[in-house]
2 protein chains.
Amino acid sequence: MRIAEFDREFVLRQAMLAFMQHGYAKTSMQKLTQVTALHPGSLYAAFGNKKGIFLAAIEQYQADRNQQFTALFCQHKPVLPSLRQYLDSIVNECISGDAMKVCLLTKSISEVEGQDPQISHVLMTNLNAYENALAEQFERAIKAGEIPNTRTAEHLARFLAMGLYGLRTYALTNRCEQDLSQLADDLYHAMCN
Amino acid sequence: MRIAEFDREFVLRQAMLAFMQHGYAKTSMQKLTQVTALHPGSLYAAFGNKKGIFLAAIEQYQADRNQQFTALFCQHKPVLPSLRQYLDSIVNECISGDAMKVCLLTKSISEVEGQDPQISHVLMTNLNAYENALAEQFERAIKAGEIPNTRTAEHLARFLAMGLYGLRTYALTNRCEQDLSQLADDLYHAMCN
DNA sequence: CCTTATCTTGAGTGTACATTCAAGATAAGG
DNA sequence: CCTTATCTTGAATGTACACTCAAGATAAGG
């Protein structure tokens, strides 16, 4: 007879940012209560436990990323200009220095791999879905003649996924915008021929 | 008047494997006492604290990797066959399923970035040194005419480093040997032309 | 406006952790 | 073989953590 007062999306996005910044293990419940402005009891009532908050945050992250992705790779626009823009936006995230410079999915799978099969499985599923979303766009690009059909769409998607995971990691070792832009450029051109 | 009984290299390699498997935060001192077969007091006497053990383990890791690298990329042998072999060995590590499938440096920098500037700095320095070692080999390959000089050695090294960081991360999402070999192949060919 | 189901609050609980330290063991120097 | 400096041992300590729960607050239904 009483409705929850907090904004679920706000809470999950705050949690998501905390997990991106500090990682799963080092994001304490105390920190989560701070960033969400919720008391422990409310968090536990809503999400069960810390893992539940994490899984819900991953879901929110994926939903947000998906929306951004489908908005950019609009079905009636050519693929390559969108790809270019996508790469640029990732470079900008990398040099931004804020939490969004990391990918919650890859950072988390690197951390919890071999520790929690359930979390690992969720992350793998989401990353595979991401790869499939890339493949869909390459399929479209090949059909439209934007890209020669010398490699399959799946092959191209796999390579780009690898490249982007690598770009984000590389950016942790070298924050020079020029170098990162050049790498994004290299990736772009590796896709086109 | 009494010499330390334990084998420092053995201890550090055991610690190194534990950190690779569980990450920095989730490798407890208790686990370190187990894998090193040393009691807490001995570990603290030898390395100061957990961070000291970690930094020493990183040093050991880098020394081991360096030795392996310089043995493979021998100065009087052509570069490209060695590169091919190097890529294959990394693919094998990725599909092995053991601790060596991850790179201690990239996994750790992803975890501790923004938490401990000293550790971050050590990791960055080591990863930059790795990139420079790659650049040296590309320099040699270009001078020998194995690779056209359309891109600088530094540029090639940066791209390969990104690719390898990405390959290891990608392998966490897809352990299909064929796919990983193909990606390694793509990277190889991206270097040669 | 009262009832009641649900949410909010935050102090409290048990556990796991990194670290310490004093007592015991051991080998080099004389 | 005794001295003494150093290493080894492992129980003890304080802290930070994830999680619980009972009391208080609040809004929808009657």
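By convention in this document, chain letters (A, B, ...) are assigned in the order of the sequence lines, proteins followed by strands, and residues within each chain are numbered from 1. As a basis for the values below, the full set of heavy atoms in this structure was taken, side chains included, without hydrogen atoms, waters or symmetry mates.
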Which residue lies toward the 5' end of DNA chain D, A:Pro40 or B:His39, if each is placed at its nearest nucleotide? B:His39
Are B:Thr152 and B:Phe138 packed together at the side-chain level, in the sense that at least one heavy-atom pair is separated by less than 4.5 angstrom? no
Tell me: CE of A:Met29 to C1' of C:dT13, nearest whole Å? 15 Å
Counting Watson-Crick and G-U wobble pairs only, both distances under 3.5 Å, name the nucleotide matched with D:dG24, or none. C:dC7
Round to the nearest Å and state the distance from A:Lys50 atom NZ to D:dT20 atom P. 14 Å
Calculate the interatomic distance between A:Leu43 atom CG and D:dC19 atom C1'; express it in whole Å. 12 Å
Taking the six-membered ring for Trp, are B:Tyr86 and B:Phe69 closer than 6.0 Å centroid to centroid? yes
Atom pair distance, as rounded to whole Å: CG in A:Asp7 and P in C:dC7: 16 Å
I would like to know whether B:Glu131 and A:Tyr170 meet side-chain hydrogen bond (donor to acceptor under 3.5 Å, both in side chains); could you show each step before the answer? CA-CA 10 Å; B:Glu131 193 182 324; A:Tyr170 182 83; 2.9 Å; yes
Please pick, from D:dT9, C:dC17, C:dT20, the nucleotide with the shortest atom-to-atom distance to any side-chain atom of B:Tyr44. C:dT20
Check every strand shown and say whether A:Ser42 touches a base, only sugar-phosphate, or nothing at a heavy-atom separation below 4.0 Å. base
Regarding B:Thr33, tell me which of base, sugar-phosphate or nothing describes its non-hydrogen contacts under 4.0 Å with the strands shown. nothing
Just to confirm, is there a sub-4.0 Å distance from OP1 or OP2 of C:dA18 to any side-chain nitrogen or oxygen of B:Gln30? no
Any side-chain donor paired with an acceptor under 3.5 Å for A:Gln60 and A:Arg8? no
G-U wobble or Watson-Crick pairing nucleotide for D:dG30 (cut-off 3.5 Å, both distances): C:dC1
Here the distance between atom C1' of C:dA18 and atom CD1 of B:Ile53, to the nearest Å, is 10 Å
Can you measure B:His22 atom NE2 to C:dA16 atom P for me and round it to whole angstrom units? 16 Å
Please report, rounded to the nearest Å, how far the C1' atom of C:dA16 is from the CG atom of B:Leu32. 15 Å
Just say parallel, tilted or perpendicular for the rings of B:Tyr24 and B:Phe19, cut-offs at 30° and 60°. tilted
note: A:Gln34, atom CD; D:dA18, atom P; distance rounded to Å ~ 12 Å
